Amino acid sequence: MEDKILLAHGSGGKLMHNLISELFLKKFDNPILAKLDDMATLTIKNSRLAFTTDTYVVNPLFFNDGDIGKLAVCGTVNDLAVSGAEPRYLSSSLVIEEGFSLSDLEKILDSMVKAAEEASVKIVTGDTKVVERGSADKLFINTAGIGIIPDGIEISGSNAKVGDKIIVSGTIGDHGIAVLSEREGFNFKTTLASDCAPLNHLIKEMLEVSQKIHCLRDPTRGGLASTLNEFALQSNVGIQIEEERVPVKEEVLGACEMLGYDPFHIANEGKIVAVVAPEDAEKVLKKLRQNVYGKDAVIIGEVTENPKGKVTVKTLIGATRILDMLVGEQLPRIC
Amino acid sequence: MCLAIPGKVVKIKENDIAEIEIGGVIREIGLHLAPEAKLNDYVLIHAGYAIQVIDEKEARETLKLWEELGIVETPE
Amino acid sequence: MKHLSEYRDSSIARKIIEAINSASKKKINLMEVCGTHTVAISKSGIREMLPSSVTLLSGPGCPVCVTPNCDLDKAIALAQLPDVILITFGDMMKVPGSYSSLSKEKANGYDIRIVYSTLDALKIAEENPNKKVIFFGVGFETTSPTIALSIVEAKMRNLKNYSVLARHKTVPLAMAALLSLGEVKIDGFICPGHVSTIIGSIPYEFIAENGIPCVISGFEPLDILQSILMLIKQIENGKVEVEIEYKRSVRPEGNLNAIKIMEEVFEPSDTDWRGIGVIPGSGLKLKDKYESFDADKNFEVEVPPTKDTKGCSCGEILRGVKFPYDCSLFGRVCTPENPVGPCMVSSEGSCAAYYRYGKR
């Protein structure tokens, strides 16, 4: 392992996964954490609770159709919702750099309120710290969330079965490219908006039509590739998808072509990947498409017996290749 | 060794700078190496510069050649 | 997207593959010189669609991979000087030198920045007049004109704090060196489409005169398949010439503006290619009239002794003598997370392409 933490350790790819398994899992050794789902399922008395936390460090703070506040609420709500839980309460902790604009802070808090209302959650506790100029990059937000998992719901990355269909709820890469376009040094303009959205109501609707949704996740850092690889590894199955079926907006393709990026590795904040038993796939798809956040939903592939733990793509010309997890961070390239 | 992609010239600015559009994404690039590029031309972009104006006629001929593949396959 | 999507059509791909299958009789080795072609071939899965009579070998066309450790070590040493901003293309960041990499040194606090274009590098120089900005110039003829341009611009804008560490290389002489090494039978070359956009088709004539067909190929799956078909047809018919598949971009005379600016700023130099050694005249260094922008002349820096990595087969892979999976370290000790050599870490190194997209 490296002796220093690199930016690549935070980018959702292999280096981050290695850090988690070789350091955090060893230190915080317990079976709940070892499951490596996006949230922890806790049984207290007879209730099953979902508990999760996430810290938001996005740069820039404001981007097209979103900001760090909206992200902080939606991200944590979604991590709860993908376990089948009904998100109920969030905490919100802020680390603010000295000199940060009060009006920006207000805007961000307003976004959090609006997102929490849409998601029907309450922010019930919090913390605020201010650090000296230079000790933090403007603003970091941590949100932790609790939700209730209804009886009979068993959703986990390790539940995928051979023959299951893979559904994605819409176009991939929107958030990552929208944010990149606002970042210093990238110098490209687009009308593309972040897809940041609370998906708990969408997921509830899906769960109402099917008891056979085996896995659910929102493909954030590391993109679709990371999520599919995580499912394949956790469930010890193969996953095959068809490149032609994966929906990608033109702007995302254009930016990726220019920078040499792969849309499969770019973050999404308002999309889910679902692994569904084949007999229920069409009705789940239909239900998704009735919701504004799932209108572009499509079946992109299926779970296979082999190769175990790997994701393969049928390419545009009909050949098959591996879809690997991102290793470190994607860097713009000219070669 | 070279990632270069086609983009459309949508605005020509001063000092050999132009705006190009790829799939709806707009970026400023240098036209220094392809000064003959005009508005609405497609150019090949590498490392922030246009390195060639794409020859539409040649492009069309290449595509036509492929369309005809199924109809006329002349064994040589 | 225009000029892209049309060249990815799966039904046309199938037709070209059928044509390849019926035309191919002799067992042949075709070398794709360019790393971007290696990646495109791996990503689209072309290798597995070809008949067994056609073997594709990857060549030394990855400017990152052929940059030797000593050049990386010098860039790192320069970055460690006070008041220096070292600017690089993203491609070089993670490549391991003898002791470290640019990305590790950035984590150590040195001012190392990534740009997509030399236009952005000039902006950084203008915005930081009290810093010395050094651009790590790596690349082939597609990229060298953009670096030459930055030097001319810097001169025009009277920027006294901009220099280039010139480690550019040129392709045709490397192809000649490979042929004279004679280690592996090459029956045809898939020539780099974007290098050729700059230099045209004439610099490859000497290869055809030596009996080896060349086809200058674009980068979309249909371009590459068509180029392979054209090479097979030449070989089966006993023809030997330089053909251009990528006609929408490559003219026989190349891009005269780009050639002119390269000749204005650069002159040939003897340069070291990882895996091949020094190829006389295959590099580009700054002419004396631009020496005030030459980082080699402007900066005195101590570079630690170069160490080469034991067991790494990058050299043989770059010459087409070995496939990545022939290397004893491939996929076991050497992976994208823990790369030993540049072929695994470079975004278009053969080992990275083979590992990421398929054969392990």
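A quick note: this is a predicted structure, and the numbers were derived from the prediction, not measured.
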More than 12 non-hydrogen atoms from neighbouring residues, nucleotides or ligands closer than 6.0 Å to [atom1] on [X], yes or no?
{"X": "B:Lys11", "atom1": "NZ", "answer": "no"}
{"X": "B:Lys64", "atom1": "NZ", "answer": "no"}
{"X": "C:Lys123", "atom1": "NZ", "answer": "no"}

4.5 Å side-chain heavy-atom contact, [X] and [Y]:
{"X": "C:Lys247", "Y": "B:Asp55", "answer": "no"}
{"X": "B:Leu63", "Y": "C:Tyr7", "answer": "yes"}
{"X": "C:Thr118", "Y": "B:Tyr49", "answer": "yes"}
{"X": "B:Trp66", "Y": "C:Glu6", "answer": "no"}

Any donor-acceptor N/O pair, [X] side chain to [Y] backbone, under 3.5 Å:
{"X": "C:Ser249", "Y": "B:Ile54", "result": "no"}
{"X": "C:Ser117", "Y": "B:Ala47", "result": "yes"}
{"X": "C:Asn255", "Y": "B:Leu33", "result": "yes"}
{"X": "C:His3", "Y": "B:Pro6", "result": "no"}

How many angstroms lie between atom [atom1] of [X] and atom [atom2] of [Y], to the nearest 0.5 angstrom?
{"X": "C:Glu348", "Y": "B:Cys2", "atom1": "CD", "atom2": "SG", "value": "7.0 Å"}
{"X": "B:Leu44", "Y": "C:His194", "atom1": "CG", "atom2": "NE2", "value": "4.0 Å"}
{"X": "C:Arg248", "Y": "B:Tyr42", "atom1": "CZ", "atom2": "OH", "value": "13.0 Å"}
{"X": "C:Leu222", "Y": "B:Thr62", "atom1": "CG", "atom2": "OG1", "value": "10.5 Å"}
{"X": "C:Ile198", "Y": "B:Ile51", "atom1": "CD1", "atom2": "CD1", "value": "4.5 Å"}

Is it the case that C:Arg251 and B:Gln52 place a side-chain donor and acceptor less than 3.5 Å from each other?
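Yes, because at least one side-chain N or O of C:Arg251 sits under 3.5 Å from a partner of the opposite role on B:Gln52.
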Going by atom types only, do C:Thr146 and B:His46 share a side-chain donor-acceptor pair under 3.5 Å?
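No donor-acceptor contact under 3.5 Å links the two side chains.
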Structural part of [X] lying under 4.5 Å from a heavy atom of chain B:
{"X": "C:Lys260", "result": "neither"}
{"X": "C:Asp223", "result": "both"}
{"X": "C:Ile16", "result": "both"}
{"X": "C:Glu153", "result": "side chain"}

Could you pull out the closest heavy-atom pair between C:Leu119 and B:Ile29, with the gap in Å?
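The answer is CD1-C, 4.3 Å.
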If you look at every heavy atom in C:Asn257 and B:Pro35, which pair is closest and at what distance?
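Minimum heavy-atom contact is ND2-CD, 3.2 Å.
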Going by the rule side chain to side chain donor-acceptor pair (under 3.5 Å), which residues pair with C:Arg14 if we only count those two or more places apart in sequence or in a different chain?
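So C:Arg14 forms no side chain to side chain donor-acceptor pair (under 3.5 Å) with any residue.
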Is it true that C:Asp120 and B:Arg27 have a side-chain N and a carboxylate O under 4.0 angstrom from each other?
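Salt bridge present between C:Asp120 and B:Arg27.
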Check B:Glu68 with C:Lys15, please: is the shortest side-chain N to carboxylate O separation under 4.0 Å?
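Looking at C:Lys15 and B:Glu68, the cut-off is not met.
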Worked check of side chain to side chain contact (heavy atoms under 4.5 Å, CB included) between C:Ile261 and B:His32
CA-CA 10 Å; C:Ile261 194 107; B:His32 313 67; over 6 Å; no
Chain C contact via B:Glu28 - which portion, at a heavy-atom distance below 4.5 Å
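No part of it gets close to chain C.
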